[in-house]
Amino acid sequence: MNVSRIAILGVALVAGVAAFFLMMNNGPSDAPVQIVEPVKEETVRVLVSGRDMQRGERVAIDDTNWITWPKAALQPHFITDETPERREEIENAVVRSLIVAGEPFVDAKIVKAGSSGLMAAILSPGMRAVTMRVSAETSSGGFILPGDRVDIHYTEASEDSGNTTKIFPIQSNVRVLAVDTIFSENPETPNINGSNVTMEMTPDDAEYFMIARNSKGKLQLTLRSIFEPEEEVEQKRRVTEDVIVIRYGRS
């Protein structure tokens, strides 16, 4: 064997040994692996409604549930398990506005039992409740329901001619509180053949309404759409801006 072959074998041997040591040094380390645990979010239990509750309904204990709630998102008016006695306090409370399932109970949406009458609990602050007797003709065929908005028109026979009637609006966009003794806003109810409609008005509007109600004319309710028109509705077959005169059954 000549010298050149010996040199090549020597270089190959050194390279193999170096590769072996490099592989051993890059192998798995015996150092322990650190596992970082995620920080657990602090939570509390909040009292929520177990079902959809309409305005005017009374709250029962079975209608309430405790659920876990992030403490960072807790509002001061929520009822928590830190004051569990408040759950019993809202029993038989009256719902002032719609509460959906899973929504936390707050004092602004309920009136506790014994603190006020049912109608007084439903009324907005500063408003008054007034009632008028209606028929199918004067209440849009019975399709006016609690929560709807109506316009009130006044009709009166003119003294100039016995066959002439004056019709003009006296109030608009009035909220209906109840039809007879039904307060809930139930979309599944198609109509209510009630004889009394209770509406919400300001004190001045309530006074004006009672004057018109007790006069010799008649009042009629017209149901408003829940949608406001994007453009002004075209007025047709109107004689003047605020009065329609009907003679002998023809306008």
Side-chain angles (χ1 to χ4, degrees), residues 37-129 131 139-140 142-150 173-201 223-228:
E37 295 185 0
V39 179
K40 293 183 178 180
E41 186 176 26
E42 193 173 359
T43 60
V44 295
R45 291 204 307 162
V46 170
L47 190 66
V48 301
S49 175
R51 63 180 180 87
D52 293 347
M53 304 189 69
Q54 304 291 333
R55 183 184 66 184
E57 291 190 54
R58 291 193 178 272
V59 181
I61 292 294
D62 293 340
D63 298 327
T64 65
N65 291 318
W66 293 105
I67 66 169
T68 302
W69 196 273
K71 194 169 185 178
L74 183 66
Q75 299 298 319
H77 47 271
F78 287 177
I79 299 175
T80 68
D81 56 356
E82 296 177 356
T83 55
E85 66 278 2
R86 293 191 62 191
R87 184 181 189 184
E88 283 71 27
E89 291 178 1
I90 69 170
E91 186 176 12
N92 291 324
V94 179
V95 177
R96 291 191 61 181
S97 59
L98 174 66
I99 300 177
V100 299
E103 179 180 354
F105 283 102
V106 295
D107 292 335
K109 286 201 169 186
I110 59 175
V111 177
K112 295 179 182 178
S115 61
S116 180
L118 181 59
M119 181 55 66
I122 295 174
L123 275 170
S124 301
M127 303 297 278
R128 304 292 186 267
T131 302
S139 61
S140 297
F143 288 97
I144 294 176
L145 302 176
D148 285 340
R149 296 275 177 169
V150 297
N173 201 24
V174 179
R175 183 165 75 108
V176 176
L177 298 174
V179 179
D180 285 344
T181 58
I182 300 175
F183 305 90
S184 63
E185 303 174 22
N186 188 355
E188 297 180 357
T189 302
N191 70 302
I192 301 175
N193 294 320
S195 58
N196 294 288
V197 173
T198 303
M199 295 165 288
E200 182 181 73
M201 300 181 186
L223 181 62
R224 295 175 64 99
S225 170
I226 62 174
F227 305 104
E228 291 296 332

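By convention here, the first residue in the shown sequence is residue 1. Since this is a predicted model, take the numbers as computed values, not measurements. All heavy atoms count here, side chains included; hydrogens, waters and symmetry mates do not.
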When you compare the side chain of W66 with that of L47, does any pair of heavy atoms fall below 4.5 Å? yes
Return the minimal non-hydrogen interatomic distance between A73 and F78, and the atom names on each side. O-CE1, 4.4 Å
Between K109 and E103, is the closest basic N to carboxylate O distance under 4.0 Å? yes
Between D148 and L223, does the side chain to side chain contact (heavy atoms under 4.5 Å, CB included) criterion hold? Intermediate values first, please. CA-CA 7 Å; D148 285 340; L223 181 62; 3.7 Å; yes
By side-chain hydrogen bond (donor to acceptor under 3.5 Å, both in side chains), T131 pairs with (sequence neighbours left out) T198
From E82 atom CD to L74 atom CG, the distance as rounded to the nearest 0.5 Å: 7.5 Å
Would you indicate whether the side-chain heavy atoms of E200 and L177 approach each other to under 4.5 Å? yes
Does a side-chain heavy-atom distance below 4.5 Å link Q54 with P146? no
side-chain hydrogen bond (donor to acceptor under 3.5 Å, both in side chains) with S49: which residues, sequence neighbours excluded? none
Under the side-chain contact (heavy atoms from CB on, under 4.5 Å) test against R96, which residue among L123, D107, V111, I110 passes? V111
Side-chain contact test, heavy atoms from C-beta onward, threshold under 4.5 Å: evaluate it for I79 versus V48 and give yes or no. no
Roughly how far, to the nearest 0.5 Å, is CZ of R58 from CG of D63? 13.0 Å
Taking the side chain as C-beta and beyond, is there a heavy-atom pair between V59 and M53 under 4.5 Å? yes
Do R87 and T64 have a side chain donor and acceptor closer than 3.5 Å? yes
Could you grab the distance from atom CZ of R224 to atom CD1 of I144, nearest 0.5 Å is fine? 12.0 Å
Just wondering, are more than 12 heavy atoms of other shown residues or ligands nearer than 6.0 Å to CD in E42? no
Does the side chain of S195 come within less than 4.5 Å of D180's, by heavy atoms? yes
pair E88-R86: side-chain heavy atoms closer than 4.5 Å: no
To the nearest 0.5 Å, tell me how far R45 CZ sits from N65 CG. 10.5 Å
How about V197 and V176: do any of their side-chain heavy atoms sit closer than 4.5 Å? yes
Separation between CH2 (W69) and CG (D81), nearest 0.5 Å, reads 13.5 Å
Walk me through it: do K71 and T43 pass the test side chain to side chain contact (heavy atoms under 4.5 Å, CB included)? CA-CA 5 Å; K71 194 169 185 178; T43 60; 5.8 Å; no
Could you measure the distance from the CD1 atom of I226 to the CZ atom of R149? Nearest 0.5 Å is fine. 12.5 Å
